[in-house]
Amino acid sequence: MGFKNNVIQIVKKIPYGKVTTYGTVALLASLPRGARFVAGVLHFNSEKNNLPWHRVINRNGFISIRSLEHPKALQKALLQEEGIQVSDDFMINLKKYGWSGNSDEKYLDHSKLEKQ
DNA sequence: ACGGTGACGAGAT
DNA sequence: TATCTCGCCACCG
């Protein structure tokens with residue numbers, strides 16, 4: 001299938017009203033260190049595959065969009081439409097809105113998980 | 001075919 | 001805590 005298609009399938013599974021991180025998507029796509037490339041996949045495939053690209057943010061909880069097609073302000077607006085709180089400096093509470101890909105309701109911080 | 005690139009992330013300083 | 005550095009690796013031209 002390829003990493004690209006894995007990413008597309010996973011992003012489609014992010015629930016309405018939730019967000020996740022590039023790193024988490026990469027992990028779920030079986031490429032734990034492929035976070036950077038997730039960004040590229042979203043950039044070139046979002047419209048074509050009808051992806052909820054706005055539900056992917058960085059692991060610090062910030063919107064990190066910088067493309068013309070997907071400006072920060074648009075991502076913020078789309079998230080707010082789903083009932084997600086976004087601060088003026090484009091931050092989202094991952095503890096509250098994060099989706100880790102598990103059936104668990106709670107967001108799992110993978111990086112901290114591996115440490116212990 | 002091949003190398004620069006990136007909407008990242010973790011560890012180091 | 002804030003910044004900096006560097007590894008990452010499938011893709012695209």
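Reminder, nothing fancy here: chain letters follow the sequence lines and each chain counts from 1.
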Inter- and intrachain pairs under salt bridge (charged side-chain N to carboxylate O under 4.0 Å, His left out), touching residues 36-57 of chain A, at least two apart: Arg55(A)-Glu82(A)
Under 4.0 angstrom, heavy atoms only, what part of the nucleic acid is Lys4(A) near: base, sugar-phosphate, or nothing? sugar-phosphate
For nucleotides 2-7 of chain B, read 5' to 3', which letter fits each nucleotide if B means a protein heavy atom sits under 4.0 Å from the base, S means only the sugar-phosphate is that close, and - means neither? ----BB
Any donor-acceptor pair under 3.5 Å from Gln85(A) side chain to Tyr97(A) backbone: no
Could you list the residues that satisfy side-chain contact (heavy atoms from CB on, under 4.5 Å) with Asn50(A), not counting sequence neighbours? none
Results of ring pair (Phe, Tyr, Trp, His ring centres under 6.0 Å) for Phe37(A) - residues two or more places apart only: Phe3(A)
The criterion is side-chain contact (heavy atoms from CB on, under 4.5 Å); which residues satisfy it with Asn58(A), sequence neighbours excluded? Tyr22(A), Asn60(A), Phe62(A), Ser64(A)
Taking side-chain hydrogen bond (donor to acceptor under 3.5 Å, both in side chains) as the test, write out the residues that go with Ser30(A), two or more places apart. none
Qualifying residues under salt bridge (charged side-chain N to carboxylate O under 4.0 Å, His left out), relative to Glu81(A), sequence neighbours excluded: none
Partner residues of Phe90(A) under the side-chain contact (heavy atoms from CB on, under 4.5 Å) criterion, sequence neighbours left out: Ile63(A), Lys72(A), Lys76(A)
Along DNA chain C, first and last positions that approach a heavy atom of chain A under 4.0 Å: dG7(C) to dC11(C)
